[in-house]
Amino acid sequence: MSAEPTTRPPIAVFDLDGTLAETAGDLIGTLNVLLKREGLAELPLSQARGLIGAGAKALIRRGFEVEGRALSPEDHDRLFDAFIAHYGEHLADTSHLYPGVVEALDALEAAGFRLAVCTNKYEGQSVELLRILGIGDRFAAICGRDTFPQFKPDPRHLTDTIARAGGDPARAVMVGDSRTDIDTAKAAGIPVVAVTFGYTDRPVTELGPDRVIEHFSQLPEAVGALVSVDAA
């Protein structure tokens, strides 16, 4: 009997919020529900976009800090539970894929890449949002904040996602929009492509990604420049 092939495919791993999808309206909408409940002013979306990028707990902390209120651990946990409950009912009121996402995924798959998602959004909500957006079945793994014991910027979140998806870590690339994604990829020793249209408190060009793209039409070329499709 012949041995099973051991070669694993190259893999592209995507962040979700601000990378694959414009989700700021629903995320900040949920944050504003909490702020209003606590007697604070709502934040304009244009001001609050840069608060996104490290998961819901960080978003809540940052949002309340903007309003001048520090949160006790108990209040933070309470607000986090309320955020997850409300957001779970409003995952895609306004959220949508960025232009060119589907075509870029098509091109990467045609080139032999496996696809995965590594996000600090909870796994269940990530799976459901990607299903609603029509691309959930494109990914060999969708791994969220609660999938493993650790999450971004811990590099094991990325490397464990690659392992779960059955990709080749030596031929992997991360695609993200924030310092969290870039730091995670660098710590894992994996090249990273940053998009300019996501959620970041500093321009991604200042954060040292390997490549920067302004539209998903540029992604296949950027990935191809960083990752070999042919196994060594």
Side-chain angles (χ1 to χ4, degrees), residues 8-24 49 52-53 95-121 126-127 129-144 152-153 155 157-159 161-162 164-200 202-231:
R8 288 173 290 179
I11 184 167
V13 183
F14 294 84
D15 175 52
L16 203 174
D17 298 308
T19 300
L20 288 170
E22 172 63 79
T23 58
R49 282 175 60 90
I52 305 170
S95 295
H96 57 272
L97 297 176
Y98 286 111
V101 165
V102 172
E103 294 81 359
L105 298 182
D106 287 344
L108 290 174
E109 287 186 320
F113 278 82
R114 190 158 292 183
L115 308 175
V117 169
C118 179
T119 174
N120 277 343
K121 187 190 293 291
S126 301
V127 170
L129 176 58
L130 290 167
R131 183 195 67 79
I132 293 170
L133 296 178
I135 59 171
D137 61 352
R138 306 295 294 267
F139 302 102
I142 299 171
C143 299
K152 296 184 298 185
H157 192 184
L158 176 53
T159 55
T161 297
I162 293 168
R164 175 167 290 194
D168 184 348
R171 296 185 296 153
V173 62
M174 177 76 192
V175 184
D177 70 312
S178 70
R179 180 194 300 274
T180 298
D181 299 317
I182 294 168
D183 288 349
T184 301
K186 287 183 175 182
I190 289 170
V192 55
V193 176
V195 303
T196 59
F197 42 77
Y199 313 136
T200 177
R202 284 178 59 190
V204 290
T205 52
E206 299 177 4
L207 302 176
D210 296 282
R211 296 290 294 266
V212 175
I213 63 169
E214 297 179 348
H215 189 279
F216 265 97
S217 62
Q218 300 169 313
L219 183 64
E221 187 278 331
V223 169
L226 296 172
V227 180
S228 170
V229 175
D230 296 324

Within the structure provided, determine whether [X] and [Y] are in side-chain contact (heavy-atom separation under 4.5 Å).
{"X": "Val195", "Y": "Leu219", "answer": "no"}
{"X": "Val127", "Y": "Phe139", "answer": "no"}
{"X": "Val13", "Y": "Val173", "answer": "no"}
{"X": "Arg179", "Y": "Thr200", "answer": "no"}
{"X": "Asp137", "Y": "Leu130", "answer": "no"}
{"X": "Ile135", "Y": "Val102", "answer": "yes"}
{"X": "Ser217", "Y": "Glu103", "answer": "no"}

So which atom in [X] and which in [Y] form the shortest heavy-atom distance, rounded to 0.1 Å?
{"X": "Tyr199", "Y": "Asp17", "result": "CE1-C, 3.6 Å"}
{"X": "Gly112", "Y": "Pro9", "result": "O-CB, 3.8 Å"}
{"X": "Pro191", "Y": "Asp210", "result": "CA-OD2, 3.2 Å"}
{"X": "Cys143", "Y": "Arg164", "result": "SG-CD, 3.9 Å"}
{"X": "Pro169", "Y": "Ile190", "result": "O-CG1, 4.3 Å"}
{"X": "Thr119", "Y": "Ser126", "result": "CG2-OG, 3.3 Å"}

(Q) Side chains of Asp181 and Ser178 only: does a donor on one sit below 3.5 Å from an acceptor on the other? (A)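 There is such a pair (donor and acceptor under 3.5 Å, judged by atom type) between the side chains of Asp181 and Ser178.
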Q | side chain to side chain donor-acceptor pair (under 3.5 Å) partners for Arg211, two or more places apart | A | Glu221
Q: Please identify each residue that fulfils ring-ring contact (aromatic ring centres under 6.0 Å, His included) with Phe216, with sequence neighbours left out.
A: Phe197
**Q.** N-O pairing of Glu22 and Arg49 below 4.0 Å
**A.**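 Judged by the 4.0 Å cut-off on N to carboxylate O distance, Glu22 and Arg49 do form a salt bridge.
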Q) Could Lys152 and Asp15 be called an ion pair, given the rule that one side-chain N must be under 4.0 Å from one carboxylate O? A)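 Yes, charged N to carboxylate O under 4.0 Å.
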**Q.** Check against salt bridge (charged side-chain N to carboxylate O under 4.0 Å, His left out), Arg138 and Glu109
**A.** CA-CA 9 Å; Arg138 306 295 294 267; Glu109 287 186 320; 2.8 Å; yes
